[in-house]
Amino acid sequence: MTTLEITGGRVLRPDFSVERADVLVDQDAGEILDVGDVPEGDETLDAADCLVMPGLVNAHTHAAMTLLRGYADDKPLDAWLQEDIWPAEAELTAADVRAGTELALVEMIRGGVTAFADMYFEEPAVADAVADAGVRARLGHGVVTVGKDDESARADNEESLDFAREYDGYADGRVKTVYAPHSLTTVDDALLAEFTAEARGAGVPLHFHANETAGEVEPIVESEGERPLAHADDLGMLTEDDFLAHGVHVDGEEIDLLAARGTAVVHCPASNMKLASGMAPVQRLREAGVTVALGTDGAASNNDLDVFDELRDAAMLGKLAAEDAAAVPAEAAVEMATAGGADALGFDSGRVEAGANADLAVVDFDAPHLTPVHDHVSHLAYAVRGSDVRHTVCDGRVLMEDRDLVTLDEAEIRGRAADRAADLAERAD
Ligand SMILES: CSC[C@H]1O[C@@H](n2cnc3c(O)ncnc32)[C@H](O)[C@@H]1O
Ligand SMILES: [Zn+2]
């Protein structure tokens with residue numbers, strides 16, 4: 001057994017207490033062995049002035065959309081997708097997706113993210129990028145059937161399920177998969193029901209967008225005579241293994257339904273603000289017992305993949321939505337970005353505890369904007385930035401040490417991604 005000792009720092013425990021402790025990791029098993037006064041490890045990571053915390057989870061993104069960062073801004077969701085994003089995405093190649101995903105991985109590992117959920121095109125290229133980078137991910141080929149004939153609509157759904165079957169367990173088990181219909185309004189109902197049933201038979205969970213804008217709720221209520229999540233439930237789309245992105249426009253009955261089914265909601269506050277989609281009722285969701293995770297959404301609607309930004313936005317916007325400064329307190333925001341995300345994605349991570357996956361972020365508190373430290377958890381929610389992360393560890397492997405990436409060639413990736421983004425924009429114009 002090879003061990004890694006993270007030494008000299010403080011540790012954020014699952015109950016949100018912070019104590020002076022070292023962490024010993026079994027690198028072969030990818031698990032935390034011990035926390036506290038631990039035996040010496042074969043290798044060490046220095047954590048002086050640092051806080052060892054669970055790796056952050058970006059529970060909803062479209063990683064390769066880094067190529068479209070800044071390509072189209074200042075529009076609401078529908079116009080943004082239809083006028084700018086979908087025409088550009090029609091030109092994407094697998095090599096583009098690979099480059100964009102690697103750029104996303106550089107950014108996420110730098111920011112202490114150890115797991116993410118992706119819904120996009122050319123997903124085998126995403127899986128390969130994840131395998132090489134060393135992170136953990138829940139991946140799905142995104143399905144859109146609007147504007148497609150019956151044959152290609154069916155083929156798109158089949159591709160999603162085929163990918164899910166083939167890639168589950170890829171990258172030494174770090175990749176898990178989903179069936180990923182884009183949303184209730186962009187995938188045909190009959191196909192949704194059929195392929196959701198097939199996904200259940202194959203033990204594949206679902207990841208989809210839901211109740212993101214007011215404009216998508218009304219047509220469903222009109223055509224189905226019920227709210228979108230009641231309709232999703234009729235289609236069999238809400239189980240405890242599933243997670244949906246956004247959940248902005250949910251009413252009290254939908255919140256109770258989510259709690260009853262155990263379906264998680266991935267809150268994407270920055271994207272919701274930028275596209276002016278609305279404010280998710282995060283405090284009410286959490287009070288009802290719904291698992292809430294955090295996501296950046298794609299880099300084109302955010303415009304970065306810094307989950308610490310999301311943490312702060314979630315706490316701030318949660319207060320505004322509830323009109324209550326006590327809503328979504330610091331601990332809640334940190335919980336959503338760590339244990340909540342791990343829970344939504346089905347990973348045994350999100351806590352610094354013996355037996356859990358060794359997915360860790362080591363945050364350097366030796367910085368002017370983090371001085372003084374009255375309360376570490378307050379700083380995590382309101383003051384820490386992604387660039388404060390000093391080391392990132394996933395599955396027991398060091399992915400970033402002293403802000404140097406170990407598994408990725410940052411300069412090469414940035415150059416390739418910039419070239420591919422320029423070519424893509426030219427093809428799309
Ligand atoms: C079919 S792959 C995923 C699909 O989703 C698009 N997308 C990016 N951001 C959002 C969002 O906030 N709501 C809905 N859809 C979004 C992405 O561009 C891909 O086309
Ligand atoms: Zn999205």
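Counting starts at 1 for both ligands and their atoms, following the listed order. Residue numbers start at 1 and run along the sequence shown.
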The Zn ion (ligand 2) -> Asp297, closest N, O or S atom is OD1

Could you go step by step and tell me if Asp309 and Asn302 meet the side-chain hydrogen bond (donor to acceptor under 3.5 Å, both in side chains) rule? CA-CA 10 Å; Asp309 273 2; Asn302 189 300; over 6 Å; no

Quick check: does His209 have an N/O/S atom under 2.8 Å of the Zn ion (ligand 2)? yes

For the student: nearest non-hydrogen atoms of Gly396 and Leu4, plus distance: O-CD2, 4.2 Å

If I take atom CG from residue Leu184 and atom CD1 from residue Ile220, how far apart are they, to the nearest 0.5 angstrom? 4.5 Å

For the metal site, I want the angle between atom NE2 of His60 and atom NE2 of His62 with the Zn ion (ligand 2) at the apex, to 10°. 110°

Are any of the N or O atoms of His182 closer than 3.5 Å to those of ligand 1? yes

Tyr120 neighbourhood, listing ligand 1 atoms whose heavy-atom distance to it stays under 4.0 Å: 2 (S), 19 (C)

Run the numbers for me: atoms of ligand 1, each under 4.0 Å from some heavy atom of Leu77, listed by number. 11 (C), 12 (O), 13 (N), 14 (C)

Is it true that atom CD of Glu253 has more than 12 heavy atoms of other residues, nucleotides or ligands lying nearer than 6.0 Å? no

Residue selection (non-hydrogen contact nearest atom 20 (O) of ligand 1) among Met119, Lys274, Glu89: Glu89

Using the rule side-chain contact (heavy atoms from CB on, under 4.5 Å), only one of Val23, Leu45, Asp359, Asn357 pairs with Val393; which is it? Leu45

Atoms in ligand 1 with a heavy atom of Ile85 nearer than 4.0 Å: 18 (O)

Indicate the ring-plane relationship of Phe365 and His379, choosing parallel, tilted or perpendicular according to the 30° and 60° boundaries. parallel

Any atoms of ligand 1 less than 4.0 Å from a non-hydrogen atom of Trp86? List them with their elements. 20 (O)

Under 4.0 Å from ligand 1, counting heavy atoms only, is it the side chain of Phe208, its backbone, both or neither? neither

With under 30° as parallel and over 60° as perpendicular, where do the rings of His60 and His209 fit, or are they tilted in between? perpendicular

List every atom of ligand 1 that sits less than 4.0 Å from any heavy atom of Val144, numbering the atoms from 1 in the order shown and giving each element. 1 (C)

What are the atoms of ligand 1, with element, lying closer than 4.0 Å to any heavy atom of Met65? 8 (C), 17 (C), 18 (O)

Mark up the atoms of ligand 1 that fall under 4.0 Å of a heavy atom belonging to Glu212, in ascending order. 11 (C), 12 (O), 13 (N), 14 (C)

Donor + acceptor pair across side chains of Thr296, Asn58 (<3.5 Å): yes

After noting the C-alpha distance and the side-chain angles of Glu31 and Asp348, does the key distance pass the side chain to side chain contact (heavy atoms under 4.5 Å, CB included) rule? CA-CA 10 Å; Glu31 277 181 22; Asp348 189 13; over 6 Å; no

For His246, the ligand 1 atoms with a heavy-atom partner under 4.0 Å come out as 12 (O)

Do me a favour and list the nearest non-hydrogen protein atom to atom 7 (N) of ligand 1 with residue, atom name and distance? His62 NE2, 3.7 Å

Note the single closest protein heavy atom to atom 9 (N) of ligand 1, along with its residue, its atom name and the distance in Å. Asp297 OD1, 3.4 Å

Can Asp409 and Arg416 be said to form a salt bridge (Lys or Arg N to Asp or Glu O under 4.0 Å), step by step? CA-CA 11 Å; Asp409 180 343; Arg416 179 159 42 91; over 6 Å; no

